[in-house]
Number of protein chains: 2
Amino acid sequence: MDIHSIKVACSSCNLRELCMPVGLSPDEMSRLDSVISTRKRVKRGSALFNNGDRFSSLYAVRSGFFKTRVTSVDGRDQVTGFQMTGEILGMDGIVNDHHSCDAVALEDAEVCVMPFDRIESLSREFSALQHHVHKIMSREIVRDHGVMLLLGSMRAEERLAAFLLNLVQRLHSRGFSQSELVLRMTREEIGSYLGMKLETVSRTFSKFVEEGIIEVKQRHVQIKDTEALRRLVNPPSGS
Amino acid sequence: MDIHSIKVACSSCNLRELCMPVGLSPDEMSRLDSVISTRKRVKRGSALFNNGDRFSSLYAVRSGFFKTRVTSVDGRDQVTGFQMTGEILGMDGIVNDHHSCDAVALEDAEVCVMPFDRIESLSREFSALQHHVHKIMSREIVRDHGVMLLLGSMRAEERLAAFLLNLVQRLHSRGFSQSELVLRMTREEIGSYLGMKLETVSRTFSKFVEEGIIEVKQRHVQIKDTEALRRLVNPPSGS
DNA sequence: CGGCTCATTGATGCGCTTCAATTAAAGTGG
DNA sequence: CCACTTTAATTGAAGCGCATCAATGAGCCG
């Protein structure tokens, strides 16, 4: 066991509200600790796993920030999500025993490695853990449906507004500001996620700035009028 | 037990390759039979469940055809998928104990009702079933990522070509033709799924007909040049 | 047959992409 | 530490793809 494995314990992790362990007894919790065998560091720009890699584990983001991306046969790619502290990566790999997307760190990151066969065997013992795994996967499905709604029916301004509100809400629930955020991804990555070109992302940011809704300094964004963003996502009534 | 409950048994179901039971022993199979408590008929146009309904069960499509759809606060909706025989509905409901989308039958349909708490308890006994449940949810996640790629990075022709190829492939794996299909959904529903307007769907169909790729007579589609469709989805190299 | 829903097709315009140039920031080596 | 290079972001101008509006046609059913 290397030095990074010390204190790798869900029971003493300050992320337990966000991550896997929920409603477990102290005994169950310590059994879960034994599942989280290792931590793994991932350097900015490198991949936690790639499309085609053999699937073995789920990963809980301990620190840092990831994007996941799928690539079509002809090389186009699409960012399918951004994952922050406490969120789970790797569920795409279960169905075919191989990953079907890339997970790339957008800043130096650390993840908890949770071997999936261990999760499954422990799930057979603890129904609370079992149900939690099901919820995590269901949550991902529901999130994906929301992205489809965004991609299929919203216009550029609405998409970016929804994106900002979503990001800031997730950051807020992790103790950060409701109104300030630092983007960890490029305009191009935002655009890929939102189905628009980087120039459109940039222009839309500028438009929001002109309208006094946000302030932008590079990747630092300050939200000055949350309600205006909400109105953009959900147009009052008649378009 | 009403008459429809007779012979509701996975062990004698000709869909077992497509649906839930995989790699179960005869004993396990008969235990699974006991989970599938009932069948339920759903008339064309009516909902199996709606957004907000309490979640209790997963549903396996026994016959017929469904769409699922999410609705935004301001009333826009997005078709998130079309489900045919052997496919599973309802996984969206696990995370919040309530469904977050509507599942509407596009033709008279019948589903197997699988109470989720029973699935979970049986999953704790049979690891094969447990893993299969995980695979089904993972498959849905992977499918959703594919739809995001389609919505985020493809143009109208590519989207419709991908849609047709996907439909015909799923039908083929159920014993139907590789080249002929009957659309169970309207142009508007196709458009909602693909993020385009019904007029664009219609025009794109017409374009394919002009190019000799397909023949269309109302909802009956005959694919005359599968390779041309494949080339549309995956442009040769340039462009 | 008349009234419905669904589909097709045309004309016009807008939103976003594309191409291109400029600026700003971040990383690199002398 | 400051030139130099590289990457990221902004902004403008032009064009295209798809949406929108509108009218017609085709099936379906009471």
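Here is the naming used below: chain letters follow the sequence lines, and residue numbers restart at 1 for every chain.
- Atoms CZ (B:Arg155) and P (C:dC16) sit 17 Å apart, rounded to a whole Å.
- Taking atom NZ on A:Lys197 and atom C1' on D:dA8, their separation rounds to 16 Å, with Å as the unit.
- Nucleotide D:dG17 holds its P atom 14 Å from the CZ atom of B:Arg159, rounded to whole Å.
- Residue contacts for A:Gly195: at a heavy-atom cut-off of 4.0 Å it reaches the sugar-phosphate backbone alone, with no base atom in range.
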Below 3.5 Å is the cut-off: list the nitrogen or oxygen pairs between protein and nucleotides 25-30 of chain D, distance only.
none

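- Atom CZ of B:Arg143 is separated from atom CG of A:Asp92 by 15.0 Å, given to the nearest 0.5 angstrom.
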For residues 217-224 of chain A, please give each side-chain donor-acceptor pair under 3.5 Å, one per line with the distance, not counting sequence neighbours.
from, atom 1, to, atom 2, distance (Å)
A:His220, NE2, A:Glu180, OE2, 3.0
A:Lys224, NZ, A:Glu215, OE2, 3.2

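- In this entry the distance linking CE of B:Met196 with C1' of D:dG17 reads 11 Å, nearest Å.
- The side chain of B:Thr186 lies closest to C:dA7, out of C:dA7, D:dA9, D:dA19.
- Considering only residues two or more places apart in sequence or on other chains, A:Arg174 meets the side chain to side chain contact (heavy atoms under 4.5 Å, CB included) condition with A:Leu18, A:Met84, A:Thr85, A:Glu87, A:Arg170, A:Phe176.
- For the pair B:Phe82 and B:Leu183, the minimum side-chain heavy-atom distance is 4.5 Å or more.
- Between the P atom of C:dA7 and the NE2 atom of B:His220 lies a distance of 15 Å, rounded to the nearest Å.
- Comparing A:Glu157 and A:Arg44 along DNA chain C, the residue whose closest nucleotide (by nearest heavy atom) sits nearer the 5' end is A:Glu157.
- If you measure from atom CD of B:Glu188 to atom P of C:dT8, you get 13 Å, rounded to the nearest angstrom.
- Between A:Phe208 and A:Val216 there is no side-chain heavy-atom pair separated by less than 4.5 Å.
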Side-chain atoms of residues 53-62 of chain B: list all donor-acceptor pairs with protein atoms under 3.5 Å, sequence neighbours left out, distances to 0.1 Å.
from, atom 1, to, atom 2, distance (Å)
B:Asp53, OD2, B:Asn50, N, 2.8
B:Arg54, NH1, B:His98, NE2, 3.4
B:Arg54, NH2, B:Asp97, OD2, 3.2

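- Among B:Leu89, B:Val79, B:Thr68, the one residue that satisfies the side-chain contact (heavy atoms from CB on, under 4.5 Å) test with B:Cys101 is B:Thr68.
- For A:Gln178, the side chain to side chain contact (heavy atoms under 4.5 Å, CB included) test picks out A:His172, with sequence neighbours left out.
- If you check every strand for non-hydrogen atoms under 4.0 Å, A:Thr200 touches a base.
- Straight-line distance from the CG atom of A:Leu151 to the C1' atom of C:dC16: 15 Å, rounded to whole Å.
- Distances shown here put a side-chain N or O of B:Ser206 below 4.0 Å from the OP1 or OP2 atom of C:dT9.
- Here CG of A:Leu232 is found 10.5 Å from OG1 of A:Thr204. Values are rounded to the nearest 0.5 Å.
- Rounded to whole Å, the distance from CZ on B:Arg184 to P on C:dC6 is 15 Å.
- Between A:Ser202 and the phosphate of D:dA9, there is no side-chain N or O to OP1/OP2 separation shorter than 4.0 Å.
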Between the protein and nucleotides 12-15 of chain D, which nitrogen or oxygen pairs are less than 3.5 angstrom apart?
from, atom 1, to, atom 2, distance (Å)
D:dG12, N7, A:Arg203, NH1, 2.8
D:dG12, O6, A:Arg203, NH2, 3.1
D:dA13, N6, A:Arg203, NH2, 3.4

